[in-house]
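Notes for the one structure printed next.
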Amino acid sequence: MKIIIINGPNLNMLGRREPDIYGNQSFEEYFQKLTGIFPDLSLDYFQSNHEGELIDCIQRAEVEYDGIILNAAAYSHTSLAIAESLACISKPIIEVHISNIFARETFRHHSVISLHCKGVIVGLGLDGYRLAVSAIATM
Ligand code: DQA
């Protein structure tokens, strides 16, 4: 089974970005551990700060992967273009947020992408990605 994790803007800064909210670990470090936890799965990781690149990746993922884990970061709250790209996807999508978006500013409380996702994991730190992989692996 092939699963891709797609991270949106500023998530390339994990480990250095607001560590009190997002922790001290880079995603690259975490991703290495994650692949070790699931030796029987093929896991890939893509990050971009650009909306169009995220959409290109989502469209490719429909063909190449069995499931998508998406943290669209700030675009989760604003991007109708990403939401509409997800509407075309037949593979399971899990939305992940590292922080608890409901315990933060009100502009983070709404996600325009959630209605296209099978499930949403919020506020459990980077471990949310592991839970999302487990969920897709058992679908
Ligand atoms: C985030 C939450 C978003 O509100 C924020 O813009 C991010 C990260 C999270 O993982 O907690 O960049 O998606």
Side-chain angles (χ1 to χ4, degrees):
M1 178 179 260
K2 286 184 73 180
I3 298 172
I4 185 163
I5 297 173
I6 304 174
N7 276 344
N10 300 306
L11 292 173
N12 57 317
M13 300 298 283
L14 286 179
R16 286 175 288 160
R17 173 192 183 195
E18 298 178 275
D20 46 321
I21 297 174
Y22 298 111
N24 295 306
Q25 204 171 18
S26 73
F27 198 82
E28 286 69 20
E29 275 167 18
Y30 174 75
F31 185 69
Q32 216 169 356
K33 285 186 202 155
L34 191 65
T35 53
I37 298 172
F38 296 102
D40 299 334
L41 300 178
S42 168
L43 298 181
D44 284 331
Y45 162 56
F46 176 82
Q47 189 278 332
S48 177
N49 294 322
H50 304 278
E51 191 177 31
E53 285 184 4
L54 293 166
I55 292 168
D56 288 344
C57 182
I58 289 164
Q59 291 179 354
R60 279 196 306 274
E62 162 73 359
V63 181
E64 295 173 19
Y65 292 90
D66 302 301
I68 299 172
I69 296 165
L70 176 63
N71 184 346
Y75 283 139
S76 315
H77 314 300
T78 61
S79 176
L80 298 182
I82 290 178
E84 289 185 355
S85 74
L86 297 176
C88 308
I89 304 291
S90 58
K91 309 288 172 60
I93 304 162
I94 307 275
E95 178 181 0
V96 170
H97 295 284
I98 297 163
S99 64
N100 181 354
I101 53 174
F102 301 106
R104 300 181 65 192
E105 303 95 323
T106 49
F107 68 83
R108 297 183 201 276
H109 294 184
H110 181 65
S111 163
V112 297
I113 66 173
S114 301
L115 84 163
H116 301 296
C117 297
K118 197 100 185 149
V120 182
I121 298 172
V122 162
L124 300 180
L126 289 174
D127 200 38
Y129 291 93
R130 178 187 63 79
L131 295 166
V133 172
S134 286
I136 289 180
T138 54
M139 276 173 190

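One-based numbering, in listed order, for ligands and for the atoms of each. Atom set for the values below is all heavy atoms of this structure, side chains included, hydrogens, waters and symmetry mates excluded. Since the structure is predicted, the reported quantities are computational estimates derived from the model, not experimental observations. The residues of the chain are indexed from 1 along the displayed sequence.
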Do any nitrogen or oxygen atoms of ligand 1 lie under 3.5 Å from a protein nitrogen or oxygen, and which ones?
residue: ligand 1; atom: 4 (O); partner: His77; partner atom: NE2; Å: 2.7
residue: ligand 1; atom: 4 (O); partner: Arg108; partner atom: NH1; Å: 2.8
residue: ligand 1; atom: 6 (O); partner: Ala74; partner atom: N; Å: 3.2
residue: ligand 1; atom: 6 (O); partner: Arg108; partner atom: NH1; Å: 3.2
residue: ligand 1; atom: 10 (O); partner: Asn71; partner atom: ND2; Å: 2.8
residue: ligand 1; atom: 10 (O); partner: Ile98; partner atom: N; Å: 2.7
residue: ligand 1; atom: 11 (O); partner: Ile98; partner atom: N; Å: 3.2
residue: ligand 1; atom: 11 (O); partner: Ser99; partner atom: N; Å: 2.8
residue: ligand 1; atom: 11 (O); partner: Ser99; partner atom: OG; Å: 2.6
residue: ligand 1; atom: 12 (O); partner: Arg17; partner atom: NH1; Å: 3.1
residue: ligand 1; atom: 12 (O); partner: Arg17; partner atom: NH2; Å: 3.0
residue: ligand 1; atom: 13 (O); partner: Asn71; partner atom: OD1; Å: 2.8
residue: ligand 1; atom: 13 (O); partner: His97; partner atom: ND1; Å: 2.8

Residues 115-138 vs side chain to side chain donor-acceptor pair (under 3.5 Å), sequence neighbours excluded, gives Asn7-Tyr129, Asn71-Tyr129, Asp127-Arg130
*asked:* Ring-plane angle category for Phe31 and Phe27, please: parallel below 30°, perpendicular beyond 60°, tilted otherwise.
replied: parallel
For Gln32, look at atom CD and say whether over 12 heavy atoms of other residues, nucleotides or ligands are found less than 6.0 Å away. no
Hits for side chain to side chain donor-acceptor pair (under 3.5 Å) against Ser48, two or more places apart or cross-chain, chain-then-number order -> Glu53
Single-linkage hydrophobic cluster Leu54~Leu80, side-chain heavy atoms < 4.5 angstrom: yes
With sequence neighbours left out, the residues meeting side chain to side chain donor-acceptor pair (under 3.5 Å) with Tyr75 are none
